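Presented below is the structure to which this report refers.
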Amino acid sequence: MIQRPRGTRDLLPPESRLWQAVEQTARAVFGAFGADEVRTPAFEPTELFVRSVGETTDIVHKEMYTFEDRKGRSLTLRPEGTAGVARAWIENRLHDRSHPLRLYYIGPMFRYERMQAGRYRQFSQIGLELLGADSPLADAELLLVLHELFTRLGFDDLQVHLNNLGDPEDRPRYQQLVRETLAASREALCSDCQRRLDENPLRVLDCKVPSCQVIVADVPPVSTVASEASRAHVVAVEDQLDRLGVPFVRNPRLVRGLDYYLRTVFEVVSPKLGTNAVLCGGGRYDRLISDLGGPAVPGSGFAIGEDRLVDLLPDGFKVRVLGLRRLYLVPLGGAARAEALRLARDWTRAGVVLEVELTGRSLKAALKRADKEGFAAVAILGDDELAAGTVAIRELATSSQEVMSPAEVPAWWAGRS
RNA sequence: GUGGGCGUAGCUCAGCUAGGUAGAGCAUCGGACUGUGGCUCCGAUGGUCGGGGGUUCAAAUCCCCUCGUCCACCCCA
């Protein structure tokens with residue numbers, strides 16, 4: 001038997017309906033705030049990700065799906081969405097359009113990783129990028145849109161973590177500060193953190209080992225060395241969130257895994273998942289497009305992990321999506337079967353959601369199935385009804401049954417919905 | 001990349017310790033009730049015991065390899 005590749009999955013009904021509903025909701029919310037969809041390739045030149053995401057990051061280091069095409073060009077399945085959008089901005093000269101531009105994308109990303117709960121090698125992200133605005137209002141708008149989306153999906157227990165990473169010029173100083181602060185207690189850190197201290201000191205800050213967290217508590221927050229401008233920027237974002245009533249918590253130890261972030265960074269985490277609790281990550285990346293050879297365009301954005309989002313969807317939302325009222329049209333006998341699709345066409349045109357029984361089941365078996373599949377009602381079309389030009393409609397929940405003409409069914413259905 | 005758990009029917013699992021004819025529940029389909037569901041009873045369908053190799057008269061069971069899956073680490077969505 002041929003099996004799907006490791007780390008991928010098949011989305012089957014009825015769960016696929018949840019994905020559709022989530023995406024529909026995201027499109028509606030994003031669109032209401034002036035965003036339009038952008039679709040970029042699922043693979044790009046490898047160099048794009050090396051230069052944007054950062055050479056020292058784990059993503060580039062060990063998680064990329066990289067291959068050569070027949071002409072020897074190195075291509076990589078996109079591990080995240082922002083780089084492709086930035087590339088498209090430059091290549092299509094979007095700078096020449098009036099901006100800012102709000103672009104969203106929904107699609108698969110790929111990272112070569114060991115499987116774990118809430119983590120897949122092909123996973124879907126819903127991302128929004130706001131390009132061409134350096135105002136704190138832009139960051140606040142993104143957080144607001146996120147909050148609106150999550151609220152509409154029924155989440156009420158998510159936490160937004162916010163931090164200021166400072167400007168790129170501040171980073172060497174801060175790394176130095178971290179090293180100096182922790183030099184004395186180096187031996188007490190976990191082995192990973194000792195390595196991180198050399199390679200990427202910022203990462204020590206969000207280590208999950210309890211003993212490390214105690215030690216790291218002594219490290220001053222980034223804001224102590226962050227530029228005055230970056231501090232003012234993030235404070236302005238926070239003020240705006242307060243004004244909007246969008247809750248958040250300052251997390252001075254929040255570090256993101258991509259090199260291009262500066263100033264505002266944030267994560268949305270769920271208290272329900274232990275390890276892979278991050279549902280969404282984002283931040284500001286004012287240097288990304290110029291670093292890739294484009295004009296100096298400020299940008300800010302986020303990406304939601306759709307797989308995790310769907311996994312954690314509140315029951316209320318699920319019930320609403322999966323509880324669709326459907327009618328089961330059951331023809332009995334050859335003459336009735338010949339009529340079934342014609343009725344189905346007329347009724348669906350009038351707004352009925354139905355399913356035609358095609359297998360020739362007995363009425364008993366059909367009712368049994370209707371009960372199991374959660375149909376709201378069954379339309380019975382047998383010889384008696386056919387002769388009388390009627391159809392019998394049976395409601396499953398109440399066991400009440402009435403006979404009516406086929407033309408009356410849509411109105412009856414609408415009245416019961 | 002590192003460390004551990006688990007692979008037997010569509011699903012959840014028993015059987016493995018002491019090798020000897022592959023089982024149960026649920027699900028599916030049908031019947032009892034020949035055009036009226038949920039409960040009950042009866043029956044049927046369904047398995048290369050993840051795959052390969054080895055030991056043995058004989059392997060789901062013991063040994064080796066491999067693949068898959070789950071959990072944790074790393075890191076991230």
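Keep in mind that the numbers below use all heavy atoms, side chains included, and drop hydrogens, waters and symmetry copies. No experiment lies behind these values; they were computed from the predicted model shown. Below, read A as the first sequence line, B as the second, and so on, with proteins coming before strands; counting in each chain starts at 1.
For R173(A) and D170(A), the salt-bridge test passes: some basic side-chain N is under 4.0 Å from an acidic carboxylate O. A salt bridge between E63(A) and R119(A) is absent, with no side-chain N of the basic residue lying under 4.0 Å from a carboxylate O of the acidic one.
Look at the P atom in both A60(B) and G51(B): the space between them is 10 Å, to the nearest Å. The gap from the C1' atom of C49(B) to that of C29(B) amounts to 25 Å, rounded to the nearest Å. On the P atoms, A44(B) is 26 Å away from U36(B), given to the nearest whole Å. Straight-line distance between the C1' atoms of G25(B) and G15(B): roughly 15 Å, to the nearest whole Å. Rounded to a whole angstrom, the distance from the C1' atom of G7(B) to that of G50(B) is 6 Å. Straight-line distance between the C1' atoms of C62(B) and U45(B): roughly 34 Å, to the nearest whole Å. Straight-line distance between the C1' atoms of A9(B) and A58(B): roughly 25 Å, to the nearest whole Å. The same atom, C1', is picked in U8(B) and in A24(B); the two are 12 Å apart, to the nearest Å.
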Just the table, please: protein N/O against nucleotides 1-5 of chain B N/O, every pair under 3.5 Å.
| residue | atom | partner | partner atom | Å |
| --- | --- | --- | --- | --- |
| U2(B) | O4 | R114(A) | NH1 | 2.7 |
| G3(B) | O6 | R114(A) | NH2 | 3.4 |

So which protein nitrogen or oxygen atoms get under 3.5 Å of nucleotides 25-30 of chain B's nitrogens or oxygens?
| residue | atom | partner | partner atom | Å |
| --- | --- | --- | --- | --- |
| U28(B) | OP2 | K372(A) | NZ | 3.3 |
| C29(B) | OP1 | R361(A) | NH2 | 2.9 |

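Taking only side-chain atoms of L332(A), from C-beta outward, the nucleotide of A77(B), G35(B), C33(B) with the closest atom is G35(B). Across U36(B), A77(B), G68(B), the shortest atom-to-atom separation from the side chain of R6(A) is found for G68(B).
Of the nucleotides present, G31(B) is the one that pairs with C41(B) by Watson-Crick or G-U wobble criteria, both distances under 3.5 Å. Across all strands shown, U21(B) remains unpaired; no Watson-Crick or G-U wobble contact has both distances below 3.5 Å. The pairing partner recorded for C75(B) is none, the criterion being a Watson-Crick or G-U wobble arrangement whose two distances lie under 3.5 angstrom. For G46(B), there is no paired base (Watson-Crick or G-U wobble, both distances below 3.5 Å). In this structure, G10(B) forms a base pair with C26(B), meeting either the Watson-Crick or the G-U wobble geometry with both donor-acceptor distances under 3.5 Å.
Annotation: cation-pi geometry satisfied between R9(A) and Y120(A) (NZ/CZ under 6.0 angstrom from ring centroid, within 45° of ring axis).
Remark: C1' of C76(B) and CZ of F302(A) are 18 Å apart, rounded to the nearest angstrom. Here G68(B) presents its P atom at 15 Å from CG of D10(A), a figure rounded to the nearest Å. The CG atom of D307(A) sits 18 Å away from the P atom of C76(B) (whole-angstrom rounding). Atom C1' of nucleotide A77(B) and atom CD of E80(A) are separated by 11 Å, given to the nearest angstrom. Per the geometry, CZ belonging to R394(A) stands 11 Å off P belonging to G38(B), to the nearest Å. With rounding to whole Å, R111(A) atom CZ is found 14 Å from C74(B) atom C1'. Straight-line distance from the CG atom of D371(A) to the C1' atom of G38(B): 5 Å, rounded to whole Å. The separation between D58(A) atom CG and A77(B) atom P is 12 Å, rounded to whole Å.
Applying the salt bridge (Lys or Arg N to Asp or Glu O under 4.0 Å) rule to K364(A) yields no partners; only residues at least two apart in sequence or on another chain are considered. With sequence neighbours left out, the ring pair (Phe, Tyr, Trp, His ring centres under 6.0 Å) criterion links F67(A) to no other residue. Under the salt bridge (Lys or Arg N to Asp or Glu O under 4.0 Å) criterion, R73(A) pairs with D69(A), not counting sequence neighbours. With sequence neighbours excluded, no residue satisfies salt bridge (Lys or Arg N to Asp or Glu O under 4.0 Å) with D259(A).
Applying the side chain to side chain donor-acceptor pair (under 3.5 Å) definition to pairs two or more places apart or across chains, those involving residues 378-394 of chain A are R394(A)-Q401(A). Under the ring-ring contact (aromatic ring centres under 6.0 Å, His included) criterion, no residue pair touches residues 178-199 of chain A, with sequence neighbours excluded.
Residue L279(A) is in sugar-phosphate contact alone, with no base atom involved, counting any heavy-atom pair closer than 4.0 Å across all strands shown. Using a 4.0 Å heavy-atom criterion, one finds that L258(A) contacts the sugar-phosphate atoms exclusively. Among the protein residues, E385(A) comes within range of the nucleic acid bases, having at least one heavy atom under 4.0 Å from a base atom.
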Give the table of side-chain donor-acceptor pairs shorter than 3.5 Å for residues 20-32 of chain A, with sequence neighbours excluded, one pair per line with atom names and distance.
| residue | atom | partner | partner atom | Å |
| --- | --- | --- | --- | --- |
| T25(A) | OG1 | A21(A) | O | 2.7 |
| R27(A) | NH1 | E37(A) | OE1 | 2.8 |
| R27(A) | NH1 | Y104(A) | OH | 3.4 |

Hey, can you pull the donor-acceptor pairs under 3.5 Å for the side chains in residues 315-344 of chain A, sequence neighbours left out?
| residue | atom | partner | partner atom | Å |
| --- | --- | --- | --- | --- |
| R325(A) | NE | S417(A) | OG | 3.4 |
| R326(A) | NH2 | E373(A) | O | 2.8 |
| Y328(A) | OH | E357(A) | OE1 | 2.4 |
| Y328(A) | OH | R369(A) | NE | 3.0 |
| R337(A) | NH1 | L358(A) | O | 3.4 |
| R337(A) | NH2 | L358(A) | O | 3.4 |
| E339(A) | OE1 | R342(A) | NE | 3.4 |
| E339(A) | OE1 | R342(A) | NH2 | 2.9 |
| E339(A) | OE2 | R342(A) | NH2 | 3.4 |

Which donor-acceptor pairs under 3.5 Å do the side chains of residues 144-152 of chain A make with protein atoms, sequence neighbours left out?
| residue | atom | partner | partner atom | Å |
| --- | --- | --- | --- | --- |
| T151(A) | OG1 | H147(A) | O | 2.6 |

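Checking each of I380(A), V409(A), V403(A), L386(A) against V391(A) for a side chain to side chain contact (heavy atoms under 4.5 Å, CB included) leaves exactly one that passes, namely V409(A). Checked options D134(A), D139(A), D167(A); the residue passing with R284(A) is D139(A) (criterion: salt bridge (Lys or Arg N to Asp or Glu O under 4.0 Å)).
Mapping A392(A) and S124(A) onto RNA chain B via the closest heavy atom, the residue that lands nearer the 5' end is A392(A). Toward the 5′ end of RNA chain B lies the nearest nucleotide of F375(A), the other residue of the pair G305(A) and F375(A) mapping further downstream.
At a non-hydrogen distance threshold of 4.0 Å, nothing from residues 21-37 of chain A comes into contact with RNA chain B.
Phosphate proximity of C70(B) to Q116(A): absent, as no side-chain N or O sits under 4.0 Å from OP1 or OP2.
For G35(B), the base has no donor-acceptor partner in the side chain of Q401(A) [N/O atoms by modelled type, under 3.5 angstrom].
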